[in-house]
Amino acid sequence: MKRNIMEKRKNDWSILGFGCMRFPTKNGRIDMRETERELAFAIRHGINYFDTAYVYKGSEKALGTLLAKNHWRQKVVIATKLPHYLIYSVEGAQKLFVEQLSRLHTAYIDNYLIHMLPDVSVWKKLVRIGILDWLLKKKASGQIRRIGFSYHGNTKQFIELLDAYEWDFCQVQYNYMDEHSQAGRAGVEYAAKKNIPVVIMEPLRGGRLVNGLPPKARAVFRKADPKRTAAEWAFLWLWKQPGVSVVLSGMNSMEMLKENIKIANTVKMGNFTKRELKIYDKVKQAVNQKIKVPCTGCGYCQPCPAGVDIPGVFRCYNVCYTDNFFTGMREYMMCTTMRAKRTNASLCKQCGQCEQHCPQGIAIRKELHHAARHLENPAYHVINVITGRMFRK
């Protein structure tokens, strides 16, 4: 057996976590045999953090079945999520939680997250209906070990959420392309100052920072010194930051699992050289050549009197062109619309206050109009009706 040399940080969690959203499939169903093989390899080589959720189809049940079958429960940390958008009362949360314990074949959840918590207003609503008291009782009884939340949105609202409660941990989207969007570096570093462990999702933007890079960006990495794969550059950018506790990866092939473990076993915290930082800058420039709006996410245009998250809208609009339309649309829904108080582009009142403060000289009103037409299409309105009641109940 290979010696386990993977680094552990906060709470003795492995720095590489196993994202369980997409286990290997066969004939449209989770391939339990292949999944078992990969989980066994992961645990044997030091991975102890496994992230799933109630709404990940078949994931909790598959994970729980394999943990019980192989007597792995005491070797791992299970992170799963409460879909607040599906519950209306403590009774509803309790019913769902009991189902999760049954699926996972466990008496307790190590890390329990409020799934996609959008802002403080939604958190306050959950507190009012008794969810916080319920969570604290579960924690006191040992059925939940740590309480956290996962987040998609801007830095300001993330920091407000961090200050709203004494969280045990949090989970955010973060990578070298999202350094100043989503929770961003400022959010991650703020969490670190509060001693709140940060778990990272989307370190490769769903694989697009490996397989979806434009030719110019791939060429930068190919010619770079030292020689590293695109995945290695992306992971190291995160792991060198002391505020990062765990980086999740949806490893649905043995090849990917082995590569990521190899990278994790060689990482050390510390600063990049000037040459390495220039490589990241060149890759970002190559990716950003496809963007529609040259917004840097500085936030000088905020706050908007109408409530528009201007940097967030432009980031999602740009993702439609740097990545793909579906991804941009999905992130737009999560970051602007699926929240108690919407922040989407069509709220713009054309007052022009934002343009007086934009250091890039962007015609913000015009670009918000374009973004609204592009993103708030007929499909958007259908999805908005379906999800609106869940997120603004």
Side-chain angles (χ1 to χ4, degrees), residues 9 15-17 19 151-155 158 170-192 198-250 256 259-260 263-264 266-291 294-299 311-312 314-316 318-324 327-328 331 335:
R9 292 187 183 173
I15 59 170
L16 176 61
Y151 177 79
H152 292 275
N154 63 36
T155 305
F158 175 65
C170 62
Q171 183 169 311
V172 299
Q173 177 173 324
Y174 188 47
N175 51 68
Y176 65 78
M177 289 302 302
D178 288 319
E179 182 174 7
H180 301 297
S181 58
Q182 296 269 345
R185 181 181 288 274
V188 171
E189 292 180 350
Y190 187 77
V198 180
V199 178
I200 303 301
M201 56 184 163
E202 300 292 353
L204 305 179
R205 274 194 173 183
R208 294 182 299 281
L209 296 186
V210 175
N211 301 317
L213 289 173
K216 286 185 179 180
R218 292 199 300 269
V220 172
F221 280 147
R222 189 170 57 250
K223 297 174 182 177
D225 181 23
K227 295 296 181 183
R228 296 174 179 142
T229 65
E232 192 171 2
W233 281 102
F235 280 123
L236 290 180
W237 187 86
L238 292 164
W239 278 325
K240 281 182 174 286
Q241 299 178 45
V244 171
S245 296
V246 179
V247 176
L248 298 174
S249 180
M256 188 185 305
E259 180 184 6
N260 291 356
I263 298 169
T266 61
V267 71
K268 293 181 181 179
M269 280 191 291
N271 297 321
F272 286 105
T273 65
K274 290 183 179 180
R275 178 187 297 177
E276 289 171 319
L277 291 174
K278 285 182 179 179
I279 290 168
Y280 285 110
D281 287 340
K282 288 180 180 179
V283 169
K284 290 180 185 180
Q285 290 170 14
V287 173
N288 286 335
Q289 282 181 356
K290 298 172 68 177
I291 67 173
C295 174
T296 64
C298 68
F314 288 155
R315 186 191 67 80
C316 297
N318 285 332
V319 166
C320 290
Y321 295 90
T322 60
D323 295 24
N324 58 67
T327 301
E331 295 195 7
C335 296

> Taking atom NZ of K227 as the centre, does the number of heavy atoms from other residues, nucleotides or ligands within less than 6.0 Å exceed 12?
Replying inline: yes

>> Just to verify, what does K284 make a side chain to side chain contact (heavy atoms under 4.5 Å, CB included) with, not counting sequence neighbours?
In response: Y176, M177, E179, N288

> Is there side-chain contact between D178 and R205, with at least one heavy-atom pair below 4.5 Å?
Replying inline: yes

> Quick one: are V210 and M256 in side-chain contact, heavy atoms under 4.5 Å?
Replying inline: no

> Out of curiosity, L248 CG to Q173 CD, how far, rounded to the nearest 0.5 Å?
Replying inline: 12.0 Å

> For F272, what residues pass the side chain to side chain contact (heavy atoms under 4.5 Å, CB included) criterion, not counting sequence neighbours?
Replying inline: R228, L236, W237, K240, E276, L277, Y280

>> Can you confirm whether F235 sits close enough to L204 that some side-chain heavy atom of one is under 4.5 Å from a side-chain heavy atom of the other?
In response: yes

> Where do I291 and Y321 land on the side-chain contact (heavy atoms from CB on, under 4.5 Å) test, with the steps shown first?
Replying inline: CA-CA 6 Å; I291 67 173; Y321 295 90; over 6 Å; no

> About how many Å separate OG1 of T327 and CZ of R208, when rounded to the nearest 0.5 Å?
Replying inline: 4.0 Å

> Where do V287 and L213 land on the side-chain contact (heavy atoms from CB on, under 4.5 Å) test, with the steps shown first?
Replying inline: CA-CA 7 Å; V287 173; L213 289 173; 4.0 Å; yes

>> Quick check for you: to the nearest 0.5 Å, what is the distance between C316 atom SG and Q182 atom CD?
In response: 7.0 Å

> Any side-chain heavy-atom pair from V172 and I200 closer than 4.5 angstrom?
Replying inline: yes

> Looking at CG of N260 and CD of E232, how far apart are the two atoms once the value is rounded to the nearest 0.5 Å?
Replying inline: 10.5 Å

